[in-house]
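Every chain is numbered from 1 and lettered A, B, ... according to where its sequence line falls, protein lines coming before strand lines.
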Amino acid sequence: MDFELSQEQIMLRDSVVRFVQDHYDFAQRKALAQTVLGHSDENWKIFAEMGWLALPFAEENGGLGGQAVDVAVLTEALGSGITLEPLFSSALLGGRMVETLGSDTQKSAIIPSVLAGETKLALAYSEPNARFVLTYVETTAERSGEGFVLNGRKSVVLQAASADRIIVVARTSGGVADAKGLSAFVVDAEASGLRRQDYPTVDGQRASDLWLENTPGELLGAEGCAAPALNAVIDAATCAVCAEAVGVMQAVLDITKEYVSTRKQYGRAIGDNQVVQHRLVDMSIALEEAKAITEMTAMQLDEGVPDISAQISAMKVKVGDAARFVGGQGLQLHGGIGMTDEYPVGHYYKRLMAIEAMFGDTNHHLNHFASAI
Amino acid sequence: MDFELSQEQIMLRDSVVRFVQDHYDFAQRKALAQTVLGHSDENWKIFAEMGWLALPFAEENGGLGGQAVDVAVLTEALGSGITLEPLFSSALLGGRMVETLGSDTQKSAIIPSVLAGETKLALAYSEPNARFVLTYVETTAERSGEGFVLNGRKSVVLQAASADRIIVVARTSGGVADAKGLSAFVVDAEASGLRRQDYPTVDGQRASDLWLENTPGELLGAEGCAAPALNAVIDAATCAVCAEAVGVMQAVLDITKEYVSTRKQYGRAIGDNQVVQHRLVDMSIALEEAKAITEMTAMQLDEGVPDISAQISAMKVKVGDAARFVGGQGLQLHGGIGMTDEYPVGHYYKRLMAIEAMFGDTNHHLNHFASAI
Amino acid sequence: MELRFSAEDLAFQKEVRTFLKENLPAGLLDRSDRGLHPLKEDIVAWQKVLHNKGWIAPNWPVEYGGTGWSLTRKYIYDREYFLSGAPQTISFGLRMVGPVIFSFGTQEQKDTYLQDILESNTWWCQGFSEPGSGSDLASLSTRAVRDGDAYVINGQKIWTTFAHWADMMFCLVRTKSDCKPQEGISFILIDMNSPGVEVRPIVGLDLDHTLNEVFLDNVRVPVQNLIGEENKGWTYAKFLLGNERSGIARVARSQYQLAKLKQIAGVEHQGNGLLIDDASFRSQIARIEIELKALEAMELRYLSQEIAGRKLTAETSILKIRGAEIIQAIRSLTVTALGPYGLAYEPDDVFRRRNDGPIGPEHLHGAMADHLYQRAATIYGGTNEIQRNIVAKAIAG
Amino acid sequence: MELRFSAEDLAFQKEVRTFLKENLPAGLLDRSDRGLHPLKEDIVAWQKVLHNKGWIAPNWPVEYGGTGWSLTRKYIYDREYFLSGAPQTISFGLRMVGPVIFSFGTQEQKDTYLQDILESNTWWCQGFSEPGSGSDLASLSTRAVRDGDAYVINGQKIWTTFAHWADMMFCLVRTKSDCKPQEGISFILIDMNSPGVEVRPIVGLDLDHTLNEVFLDNVRVPVQNLIGEENKGWTYAKFLLGNERSGIARVARSQYQLAKLKQIAGVEHQGNGLLIDDASFRSQIARIEIELKALEAMELRYLSQEIAGRKLTAETSILKIRGAEIIQAIRSLTVTALGPYGLAYEPDDVFRRRNDGPIGPEHLHGAMADHLYQRAATIYGGTNEIQRNIVAKAIAG
């Protein structure tokens with residue numbers, strides 16, 4: 001039982017911290033979020049060069065063989081900069097789907113280019129009527145000649161606008177809610193019959209809805225096997241995003257502590273109020289709990305603990321509650337200044353809101369956890 | 001729209017306040033609670049003489065024709081003394097069942113004696129498997145000669161040990177969970193086949209479980225009509241007990257404010273801590289809300305607002321939450337001294353706990369309210 | 001205790017309801033439902049409609065153009081107004097400076113300003129907050145120095161809502177400093193077109209522009225723009241802030257928003273089911289609805305006390321605290337109701353420039369914008385922490 | 001980061017589990033499950049069993065009779081101990097005064113007291129709190145005046161758990177007053193049979209007698225009963241209180257109680273259904289279980305930091321705060337699970353005298369008693385408010 005970081009993990013963390021210091025001061029981030037792309041391809045090169053994109057992939061696929069605990073170190077550290085590059089969509093979602101499901105040919109065709117940052121992927125799995133139910137898929141794929149054609153609609157596909165290829169989950173058999181009968185497809189961003197509606201997300205990132213009309217797609221691996229892979233990939237991504245939330249909350253706590261110690265009202269720092277002090281204590285406790293359960297879950301993922309899904313849900317509920325509380329109270333203690341786009345705390349708050357809605361919200365995971373007790 | 005007390009209501013309240021001052025100081029109450037009976041027949045005479053037992057009954061039945069708002073004034077004021085006399089079981093439950101269901105003969109045989117405090121009633125409606133579902137009744141009643149015999153078990157019958165007659169709800173037809181087929185019976189306390197297990201309740205009152213084996217009972221009014229009457233009586237009693245809770249919470253708040261202003265730690269009154277002050281504010285707000293929603297519900301009861309049950313549930317949830325918070329924080333702010341039997345705050349706490357479990361707890365009423373939205 | 005409204009009051013309620021239904025412009029309602037602030041021309045046009053009906057200033061005395069309604073009728077009007085979904089009329093003239101002018105202003109000031117306020121011809125803004133003084137208003141440092149027949153004003157105001165649309169600003173300035181902070185403040189009216197007034201936008205969390213900083217650089221303001229006596233401004237400011245409290249609990253607005261939330265939950269799918277059938281989501285709605293019922297009962301109880309002639313003190317703060325907490329809970333749960341689409345967010349100017357369809361379901365738009373905007377509900381007008389300090393003082397007494 | 005325990009540790013865990021299963025007396029477990037405090041003879045007998053196994057004092061150095069276990073093994077032992085449902089061994093000798101004696105006592109004191117503590121021959125109680133000093137311990141006023149070869153002690157102690165069963169009391173007394181409160185305190189051992197010691201019961205909320213007041217009226221205590229130096233008692237007291245913190249989160253105890261709660265919800269009827277099938281009740285259990293998982297993870301993370309050689313400060317307070325809140329939530333929900341039967345309550349002495357069957361379902365007994373008793377969890381050992389003050393100081397640094 002050891003929660004301590006290894007030397008390698010400390011180096012990884014420190015390299016991210018330096019990157020955030022050099023490339024992600026608040027003004028830089030704000031400007032980036034307002035570009036059309038919404039992130040920086042120069043930063044993306046650094047992500048590739050530093051090996052961060054390779055971290056979660058097996059060595060045999062050109063990756064660094066990092067485990068969930070290593071990815072958590074990476075994303076937690078990136079949280080302090082609320083970075084905008086598509087690490088999740090390209091590596092942790094799309095890339096990991098290819099690694100989990102793809103044939104050897106597909107893996108060697110796609111993964112190296114993803115790790116090098118040359119190809120960006122996105123993962124289109126959710127649909128308007130599914131809410132957070134992964135296996136509820138109305139989009140269909142049918143054989144057509146040597147390949148497949150896809151029909152349907154996908155919603156809130158993260159970073160689809162900048163993706164070169166989109167991994168699309170579609171139904172090759174079964175009813176709309178069946179876990180069986182799901183398959184994954186590689187769809188080219190320029191494929192025929194693919195229409196995108198792009199929009200910003202509240203945290204300054206990008207997402208799209210997709211309409212597929214007889215859009216050609218290449219089956220990823222074997223037919224009908226996508227559900228377990230999707231579950232595993234989303235579980236790991238959930239852990240990674242919870243670790244990011246921990247980093248974001250730490251930043252909120254740090255700037256809020258700083259703010260209340262300097263902001264004066266009624267002749268004294270607002271941090272001199274016992275009520276403010278206890279609020280900070282409760283924020284710290286929430287953060288400590290979120291950090292601990294996230295690290296615990298990462299270790300359990302790496303250990304291959306069976307039936308991990310209840311633990312994932314417990315983590316997401318705890319982190320979601322903590323995020324809401326720490327983010328909300330960070331805003332509250334800043335008063336008016338926190339309500340402006342000019343000041344960082346609101347941006348952290350928005351990222352925390354987004355994370356709460358990613359990969360199943362608190363209500364979804366509480367229900368899931370409760371169903372298992 | 002008028003929440004103000006009438007002159008009569010002010011007089012009623014003041015008379016109760018005087019009674020509590022004269023007969024219910026803390027030592028007296030503690031001694032009373034430890035007697036076998038658990039309350040005082042002398043006090044009971046005062047309840048009758050003051051007209052408090054007659055308050056909720058129609059004038060044509062010898063009552064004072066008081067409405068829900070009047071009963072609320074009475075029970076709220078009694079709350080400050082956490083009085084032990086069986087006002088609920090004899091008048092608001094048993095007596096009101098007789099008034100609602102009974103034939104003219106039955107009413108004139110029973111009610112005057114109840115109002116005079118000469119006969120005590122209890123109402124046996126709940127059963128071990130029913131939890132808070134009023135219409136779940138396994139106890140059966142079958143015709144036998146001119147009357148009925150009852151078989152089954154009733155649980156947590158308030159003040160059954162001191163009752164002369166027990167109004168028992170039993171099933172004359174239908175399945176165990178049907179609303180139809182419920183009838184009410186007058187059962188003599190000494191009836192054959194009636195066994196009681198008496199026990200104290202956490203708030204110093206008394207309750208019993210009853211076993212009925214071919215116990216004779218006299219049908220109250222018409223067969224199969226008990227469910228609507230039971231609902232109406234329990235709704236009104238729920239409002240009355242919520243008003244009592246408001247009185248109890250007011251007492252908790254008063255003694256807690258007093259305590260924190262005198263108790264010194266670290267060289268100053270603990271009430272000088274901003275955290276303690278804000279706690280008291282939140283307790284006050286909870287109390288204000290509980291009081292307002294209770295008075296509003298009482299007025300709606302009197303107005304005959306249709307479908308009152310959602311409003312009753314809203315009140316019980318709000319009062320239950322407030323009771324838990326105000327009672328719990330009253331204890332907390334007292335520290336060690338609050339944890340002793342020697343000090344009043346714990347006794348108020350226990351009454352609040354009991355009230356939360358009476359007539360459907362917070363979870364029950366939240367579910368009921370949610371089912372109606 | 002008596003629940004009923006009189007037959008006359010019920011008839012009045014019906015009249016208000018019908019009028020609003022028939023006259024509220026669809027475009028104004030639509031923007032409000034989308035969590036967007038009204039456009040200036042839309043809200044002005046709407047206020048003129050209300051003025052023509054004679055309902056624009058329920059809180060003004062009849063002699064100045066008010067309605068002469070009882071407290072009960074004012075309550076009924078406000079309630080129906082917000083249940084209609086209409087956005088609140090702009091407070092700065094009607095509920096803030098107007099009453100100050102008719103209570104403390106000179107006849108000349110009354111003649112100059114009141115009618116234009118009633119007719120929504122003049123747009124006012126509020127120059128109270130400063131960078132250094134948030135909830136601690138009295139610590140303000142904008143300075144006015146008498147120079148002949150004018151005051152010369154230097155300083156900076158912040159959080160000035162709609163200053164970029166404003167013709168006039170009512171402003172607190174320091175005219176004396178060797179005294180208690182409250183005693184050296186004056187209340188003055190500034191023409192926003194005066195030389196030396198500069199308005200700079202503050203973009204909010206919702207990426208929208210409603211707030212501003214206002215820089216005052218040697219702005220000359222005629223002495224006849226001073227309200228009441230020099231150095232007595234704190235009195236008028238307290239009077240003004242005290243008037244803000246009617247409807248502070250925002251019960252009807254929250255009821256309107258809660259109904260919207262239920263509608264959304266009733267159409268949002270969750271695989272084969274609907275969100276409203278999710279027991280734990282339903283419980284969350286139920287809890288908020290119960291809180292709101294308690295708040296409504298509390299507001300009515302306090303109204304009843306006011307009608308009986310008692311003065312409210314801490315009660316206003318209690319209504320503000322709970323009202324703000326409840327509206328935040330509703331708006332937060334509304335975002336949650338959107339599921340993954342809760343991530344999507346279009347601020348107003350993106351929305352107005354969009355040429356393809358709206359994102360996701362029609363009801364998506366507005367939830368996040370208003371959620372972000374309502375984060376301030378526990379901050380402005382004195383944070384909930386300050387309100388609790390106020391209540392603490394009151395209950396200790 | 002690494003989740004696994006070593007194979008040796010896992011074998012140890014199994015050994016502990018098996019031993020407890022085979023040796024824990026059924027009567028002791030039954031009373032504990034009923035929320036009743038152990039009878040003196042039962043807990044003493046059980047402690048002797050643990051002593052014979054060599055496991056009675058995991059926190060003592062081997063030379064004084066401890067186990068020599070690593071931090072990990074101590075953790076595993078504690079965890080298994082509480083998951084077995086066993087009541088905690090009595091702390092006063094084993095975890096409180098024992099370590100003070102072997103750390104600061106004279107050889108004579110060690111020889112006199114330690115073995116009897118290990119063998120549970122002597123029952124100790126703690127004379128710290130006084131009526132005037134709760135969380136503010138240093139303000140104590142019980143006075144000890146040197147008179148020849150003895151101290152003469154006058155004063156009053158309160159909240160003295162099990163003083164009525166105690167042979168000895170370790171006690172903080174004031175020996176100097178013209179100095180900071182902390183600097184004039186001494187730590188002394190008092191024979192409870194000394195003339196002038198009077199124990200009066202305090203009946204708790206649960207109507208049970210575990211607490212006492214202890215009156216000290218000219219009690220003569222030999223000077224050799226002084227621990228360490230005169231006026232340095234605060235140091236030893238802080239050392240003692242610092243030792244209290246292992247297992248302060250009470251994770252395993254809460255897990256045991258949560259499992260009981262689930263059992264109850266699985267058999268409690270709600271009309272035609274079972275309570276466990278009620279979605280909103282189930283959600284409440286789920287939330288507590290998630291809180292408990294987070295607490296467990298946090299405790300393990302801190303343990304890992306201790307193993308790595310870092311000293312914990314505010315972390316102990318955090319564990320105390322959350323541990324107390326969670327056990328209270330569990331015990332409160334357990335009472336709720338009983339439905340109408342939650343009203344019924346039998347304190348210990350009624351239970352022992354009952355000659356008909358128990359009230360209601362078998363699982364009824366204990367929930368309320370322990371709920372009432374656990375109300376103190378957020379009070380004793382420094383209230384949660386004081387703990388938050390401590391954490392606030394630590395995080396401000």
Side-chain angles (χ1 to χ4, degrees), chain A residues 1-6 9 67-70 72-73 253 257 260-261 271-272 274 276-286 288-303 305 310-311 313-319 321-322 362-363 365-373, chain D residues 1-6 9 71-72 75-76 258-259 261-262 265-266 276 279-305 307-310 314-315 317-319 321-322 325 384-385 387-397:
Chain A
M1 182 63 58
D2 177 10
F3 282 67
E4 301 296 302
L5 297 188
S6 67
Q9 287 165 340
Q67 293 198 289
V69 292
D70 305 304
V73 169
L253 193 61
K257 273 159 61 175
V260 302
S261 70
D272 290 346
Q274 193 191 24
V276 173
Q277 290 169 0
H278 280 210
R279 195 81 52 82
L280 288 169
V281 168
D282 287 332
M283 291 163 74
S284 299
I285 293 176
E288 289 282 296
E289 290 178 313
K291 188 172 170 68
I293 199 169
T294 301
E295 290 182 355
M296 175 65 106
T297 307
M299 287 191 278
Q300 291 190 11
L301 275 168
D302 292 338
E303 193 75 3
V305 168
Q311 177 72 23
S313 286
M315 168 185 66
K316 192 66 169 45
V317 168
K318 187 71 223 177
V319 172
D321 283 352
T362 302
N363 188 65
H365 282 290
L366 182 63
N367 281 342
H368 181 258
F369 187 88
S371 72
I373 63 176
Chain D
M1 293 194 226
E2 168 74 64
L3 188 63
R4 233 178 303 221
F5 288 124
S6 70
D9 285 339
L71 283 172
T72 302
Y75 171 79
I76 290 172
L258 187 65
L261 167 56
K262 288 187 198 172
I276 193 73
S280 70
F281 195 86
R282 215 182 164 91
S283 272
Q284 292 181 67
I285 296 180
R287 266 206 186 272
I288 295 178
E289 186 163 351
I290 290 169
E291 298 297 332
L292 189 51
K293 271 180 175 286
L295 180 64
E296 182 181 26
M298 198 157 64
E299 186 184 40
L300 283 165
R301 193 163 161 268
Y302 294 155
L303 175 69
S304 169
Q305 292 181 8
I307 292 171
R310 285 204 293 286
E315 290 84 353
S317 291
I318 291 176
L319 293 175
I321 290 168
R322 294 298 292 139
E325 288 170 349
N384 271 18
E385 288 80 9
Q387 301 295 343
R388 283 186 164 87
N389 284 347
I390 293 170
V391 180
K393 232 177 238 174
I395 63 175

Test item: [X] and [Y] side chains (from C-beta on) under 4.5 Å apart, heavy atoms:
| X | Y | result |
| --- | --- | --- |
| D:R310 | A:E4 | yes |
| A:H365 | D:I290 | no |
| D:K293 | A:M315 | no |

Name the region of [X], side chain, backbone, both or neither, that has any atom closer than 4.5 Å to a heavy atom of chain D.
| X | answer |
| --- | --- |
| A:D302 | neither |
| A:D70 | neither |
| A:V73 | side chain |
| A:S371 | backbone |
| A:E303 | side chain |

Once you round to the nearest 0.5 Å, how far does [atom1] of [X] lie from [atom2] of [Y]?
| X | Y | atom1 | atom2 | result |
| --- | --- | --- | --- | --- |
| A:K318 | D:L292 | NZ | CG | 11.0 Å |
| A:E289 | D:R301 | CD | CZ | 11.5 Å |
| D:L300 | A:D2 | CG | CG | 11.5 Å |

Taking all atoms of both residues into account, what is the closest heavy-atom pair of D:S304 and A:F3, and its distance?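 Residues D:S304 and A:F3, closest heavy atoms: OG-N, 2.8 Å.
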For residues D:I395 and A:S284, report the shortest heavy-atom separation together with the two atoms involved.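 Nearest pair, atom of D:I395 first, then A:S284: CD1-OG, 3.4 Å.
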Toward chain A, the part of D:Y75 with a non-hydrogen atom under 4.5 Å: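 Nothing of D:Y75, per the 4.5 Å heavy-atom cut-off to chain A.
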Given that the side chain runs from C-beta out, which part of D:Q284 has a heavy atom under 4.5 Å from chain A: side chain, backbone, both or neither?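 Contact with chain A is absent: no heavy atom of D:Q284 under 4.5 Å.
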Looking at [options], which has the largest count of heavy-atom pairs under 4.5 Å with chain D?
| options | result |
| --- | --- |
| A:Q300, A:Q311, A:E295 | A:E295 |
| A:L280, A:D321, A:V305 | A:D321 |
| A:D282, A:L5, A:N367 | A:D282 |

Quick one: which of D:S317, D:A294, D:A308 has the most heavy-atom pairs under 4.5 Å with chain A, could you say?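 Most pairs with chain A among the choices: D:A294.
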What residue, out of D:A297, D:A279, D:S283, has the most heavy-atom pairs lying under 4.5 Å from chain A?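 Winner by heavy-atom pair count: D:A297.
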Tell me, with the steps shown, if A:K291 and D:M298 meet side chain to side chain contact (heavy atoms under 4.5 Å, CB included). CA-CA 8 Å; A:K291 188 172 170 68; D:M298 198 157 64; over 6 Å; no
Hey, are D:N389 and A:Q277 close enough side-chain-wise for a donor-acceptor pair under 3.5 Å?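 On atom types as modelled, these side chains do not qualify, holding no pair under 3.5 Å.
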Run the salt bridge (charged side-chain N to carboxylate O under 4.0 Å, His left out) test against D:E325 and tell me which residues pass, sequence neighbours left out.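 Result, salt bridge (charged side-chain N to carboxylate O under 4.0 Å, His left out) vs D:E325: D:R322, D:R388.
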Kindly write out the residues that satisfy side-chain contact (heavy atoms from CB on, under 4.5 Å) with A:S6, not counting sequence neighbours, or none if the list is empty.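 Per chain and number, A:S6 pairs via side-chain contact (heavy atoms from CB on, under 4.5 Å) with A:E8, A:Q9.
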